[in-house]
**Q** 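Have a look at this one before I ask anything.
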Amino acid sequence: MSIIIPSYGILRLNSRPFFLHKFRFSSCLAASPSATEQELEETLCDTNENTKSSKPKSYFPKKGQTVELVCESLAFKGKGVCKVSDTGFVVMCDRALPGERFLGRVTRKKGNYAEVSKLKTISPHWDFVDAPCVHASDCGGCKTQNLLYEAQIRAKQQQVYELVTHVGRFSSEDLEFLNIMKPIVPCDIQFQYRNKMEFSFGTKKWIPRDLAGDKKDGSSGSALGLHAPGFFDKILNIEKCLLQSEPANMVLAAIQECWREPDLGLSPYNVHSHVGFLKHLVLRTGRDADTGLPELMVNFVTSSYQPELLKPLVEKISAIPEVVSVMNNINSSVGNTSVGEEEHILYGKSAITETLRGIRFQISANSFFQTNTHQAEVLYKLVEDCAALRGDNSEIVLDLFCGTGTIGLTLARRVRHVYGYEVVPQAISDARRNAKLNNILNATFVQGDLNKIDENFGAGFPMPDIVISDPNRPGMHLKLVKFLLKLRAPRIIYVSCNPATCARDLDYLCHGVPEHSIEGCYTLKSLQPVDMFPHTPHIECVCLLELCY
């Protein structure tokens with residue numbers, strides 16, 4: 001029984017330990033990571049209405065109240081989920097991990113759902129490890145660094161399973177008995193796996209709460225680093241990031257050492273007054289295609305073109321052997337994007353190279369490219385296995401959301417033709433350039449918005465044998481789902497970066513959409529989760545669907 005203490009006191013919520021496979025509620029939280037806050041709340045309330053009929057009325061803690069909780073599962077955006085014992089009340093907490101007992105303060109409440117901020121850990125979670133990064137408890141990038149990696153991938157595997165069964169409406173018996181869902185593929189490299197990191201310059205250096213002291217607003221001075229969680233204008237100063245390459249950290253350290261020197265006259269951009277010069281520092285790591293040695297591109301994003309101001313920094317970082325390119329993107333708008341209206345070469349060449357499955361790619365400052373090169377090799381091999389090419393160069397491949405053509409180009413030499421579609425013009429330009437670089441003549445890339453297709457879409461290519469769909473987090477628009485069901489290609493390979501919308505789209509393709517009088521016509525043959533980004537909540541999936549004849 002809960003003991004109610006006056007507002008801002010401590011409320012102990014005695015929650016029984018749950019194991020991931022028993023905690024079905026988490027799937028409802030994870031099902032809508034691209035949904036609005038209102039839609040998420042409606043989902044939570046609807047679920048609780050269905051489950052609380054035989055339970056006592058849920059207890060509603062007050063905003064600002066301190067509660068004691070035990071985290072039971074990981075769900076929505078990697079947040080920890082706690083469920084009040086003997087009620088349907090759900091509390092979500094960022095950075096809480098399964099088995100952790102902690103004190104949290106209620107920050108937001110609506111309906112049967114509340115969010116808390118963690119104040120203090122009473123006892124650590126089941127698989128606690130010391131996080132190697134000094135910023136792990138403050139930076140929003142690697143929320144699960146202090147969770148044993150084996151436990152991280154178990155949690156991710158379970159999240160996919162929950163979503164596919166509850167959102168995708170696939171029976172657990174079929175998934176297991178027919179061996180449809182495969183064990184998650186872990187990442188062999190858990191640190192230094194990112195080939196691109198984007199840091200921001202700012203006028204407000206964010207100070208973690210436990211270090212802020214009398215500084216009530218938690219900010220002081222200028223900074224170069226990552227945005228503090230929940231803030232667009234405060235920057236957590238970063239001296240070293242364990243997710244990027246060592247040469248990239250050498251560049252970051254060299255710039256941190258001198259960019260604030262008054263003699264240089266460099267000012268960070270102020271997102272409120274829109275005054276200042278330095279906006280972003282983007283570091284990209286590739287490999288020389290001939291030697292295999294690392295090569296680094298440094299991209300300064302500034303509000304105007306003043307190369308003389310950057311000259312001291314360029315001279316300093318160009319002394320690092322791995323730095324082969326220094327670029328300057330100019331973004332004069334008030335927006336804080338790292339893509340500029342124009343770009344200039346300050347040192348070296350305009351692009352670096354990378355090789356994936358025998359295909360050479362040129363990566364420019366604004367190129368779209370898989371962030372984890374090592375695991376992208378694994379991912380593309382899985383796609384190739386699902387394609388099950390006949391080996392006679394006879395197949396037609398339709399590559400939807402093709403980006404810079406990375407997946408399609410890795411298959412092109414074994415098929416008749418690849419047709420790629422992508423909305424971003426720069427990505428299409430890069431795809432065509434990469435095809436030419438590799439002397440691939442049987443790949444056609446077309447710029448177009450797959451969310452706005454009409455009845456004429458498809459007239460420009462022959463009937464495909466294989467459709468590859470690799471949408472962004474919102475998944476596929478219903479118009480595209482209808483097109484695919486009408487097209488009836490023999491095989492669809494769905495590559496997803498969001499298992500929630502993936503489960504929804506698999507449901508549409510296999511079971512149809514009754515409310516829109518749409519019938520499904522595919523069978524899910526395999527679903528392979530892949531961990532592309534250790535220590536984060538992100539999960540990739542490669543799914544194979546075959547046409548029902």
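Hydrogens, waters and symmetry mates play no part in the numbers below; they use all other heavy atoms, side chains included. For the single chain, residues carry numbers from 1 onward in sequence order.
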**Q** Among residues two or more places apart or on two chains, list those pairs meeting salt bridge (Lys or Arg N to Asp or Glu O under 4.0 Å) that have a residue in residues 121-131.
**A**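 Residue pairs with at least one partner in residues 121-131: D127-R154.
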**Q** For the atom pair CD (Q244) and OG1 (T285), what is the distance rounded to the nearest 0.5 Å?
**A**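 If we round to the nearest 0.5 Å, Q244:CD and T285:OG1 are 7.0 Å apart.
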**Q** Decide yes or no on side chain to side chain contact (heavy atoms under 4.5 Å, CB included) for H511 and F170, but give the supporting numbers first.
**A** CA-CA 9 Å; H511 307 135; F170 294 92; 3.8 Å; yes
**Q** Within the distance-only criterion (no hydrogens, no angle test), does the side chain of S171 pair as donor or acceptor with the backbone N or O of D174 below 3.5 angstrom?
**A**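 Here the side-chain-to-backbone pair exists.
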**Q** Are side-chain heavy atoms of F361 and T355 found at a separation under 4.5 Å?
**A**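 Heavy-atom side-chain distance check fails, nothing below 4.5 Å.
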**Q** What orientation do Y421 and F457 show, parallel under 30°, tilted 30 to 60°, or perpendicular over 60°?
**A**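 Plane angle over 60°, so perpendicular.
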**Q** Which residues pass the side-chain contact (heavy atoms from CB on, under 4.5 Å) test with K452, sequence neighbours left out?
**A**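 K452 satisfies side-chain contact (heavy atoms from CB on, under 4.5 Å) with D449 only.
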**Q** Indicate every side-chain donor-acceptor pair of residues 388-396 with a distance under 3.5 Å to a residue at least two apart or in another chain.
**A**
{"from": "R390", "atom 1": "NE", "to": "S394", "atom 2": "OG", "distance (Å)": "3.2"}
{"from": "R390", "atom 1": "NH2", "to": "S394", "atom 2": "OG", "distance (Å)": "2.9"}
{"from": "D392", "atom 1": "OD1", "to": "S394", "atom 2": "N", "distance (Å)": "3.3"}
{"from": "D392", "atom 1": "OD1", "to": "S394", "atom 2": "OG", "distance (Å)": "2.6"}
{"from": "D392", "atom 1": "OD2", "to": "S394", "atom 2": "OG", "distance (Å)": "3.3"}
{"from": "N393", "atom 1": "ND2", "to": "R413", "atom 2": "O", "distance (Å)": "3.0"}
{"from": "E395", "atom 1": "OE2", "to": "R390", "atom 2": "N", "distance (Å)": "2.7"}

**Q** Are P537 and L74 side-chain neighbours, meaning at least one heavy-atom pair lies under 4.5 Å?
**A**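 No, too far: nothing below the 4.5 Å cut-off.
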**Q** Looking at side-chain heavy atoms only, is the closest gap between Q157 and M181 below 4.5 Å?
**A**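 Heavy-atom side-chain distance check passes, below 4.5 Å.
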**Q** What residues form a side-chain contact (heavy atoms from CB on, under 4.5 Å) with T353, not counting sequence neighbours?
**A**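 side-chain contact (heavy atoms from CB on, under 4.5 Å) check on T353 returns A289, E295, Q362.
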**Q** If you compare all heavy atoms of L409 against all heavy atoms of A431, which two are closest, and at what distance to 0.1 Å?
**A**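 Of all heavy-atom pairs spanning L409 and A431, the closest is CD1-O, 4.1 Å.
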**Q** Taking atom CZ of R169 as the centre, does the number of heavy atoms from other residues, nucleotides or ligands within less than 6.0 Å exceed 12?
**A**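 Yes, enclosed.
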**Q** If you round to the nearest 0.5 Å, how far is CG of D470 from CD of Q370?
**A**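 Rounded to the nearest 0.5 Å, the CD-CG separation comes to 7.0 Å.
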**Q** Work out which heavy atom in V282 is nearest to a heavy atom in S338; give both atom names and the distance.
**A**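 Residues V282 and S338, closest heavy atoms: CG2-CB, 4.2 Å.
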**Q** With rounding to the nearest 0.5 angstrom, report the CZ to CG distance, F483 to L400.
**A**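 So the CZ of F483 and the CG of L400 are separated by 7.5 Å.
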**Q** Roughly how far apart are E68 CD and I122 CD1, rounded to 0.5 Å?
**A**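 Answer rounded to 0.5 Å: 3.5 Å.
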**Q** Among L478, L485, I518, which one satisfies side chain to side chain contact (heavy atoms under 4.5 Å, CB included) with Y508?
**A**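 Among L478, L485, I518, the one that satisfies the side chain to side chain contact (heavy atoms under 4.5 Å, CB included) with Y508 is L478.
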**Q** Is there side-chain contact between C133 and C142, with heavy atoms separated by less than 4.5 Å?
**A**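 C133 vs C142: side chains apart.
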**Q** List the residues meeting salt bridge (Lys or Arg N to Asp or Glu O under 4.0 Å) with D94, not counting sequence neighbours, and say none if there are none.
**A**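 Salt bridge (Lys or Arg N to Asp or Glu O under 4.0 Å) list for D94, sorted by chain: K143.
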**Q** Which distance, rounded to the nearest 0.5 Å, do you find between the CE of M532 and the SG of C541?
**A**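 So the CE of M532 and the SG of C541 are separated by 12.0 Å.
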**Q** Say whether H535 and Q152, considering side chains only, have a donor N or O and an acceptor N or O under 3.5 Å apart.
**A**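 Distance-only check passes for H535 and Q152.
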**Q** How about C497 and H538: do any of their side-chain heavy atoms sit closer than 4.5 Å?
**A**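 When only atoms from C-beta onward are counted, H538 and C497 do not touch, as no gap falls below 4.5 Å.
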**Q** Could you check whether any side-chain heavy atom of I453 comes within less than 4.5 Å of a side-chain heavy atom of L480, counting everything from C-beta outward?
**A**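 When only atoms from C-beta onward are counted, L480 and I453 do touch, with a gap below 4.5 Å.
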**Q** Using the salt bridge (Lys or Arg N to Asp or Glu O under 4.0 Å) rule, collect all pairs that involve residues 376-385, keeping only residues at least two apart or in two chains.
**A**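 As it turns out, the salt bridge (Lys or Arg N to Asp or Glu O under 4.0 Å) pairs with a partner in residues 376-385, which skip direct neighbours, are R357-E384, K381-D385, E384-R414.
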**Q** To the closest 0.5 Å, what do you measure between CG (D138) and CG (L226)?
**A**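 CG of L226 is found 11.5 Å from CG of D138.
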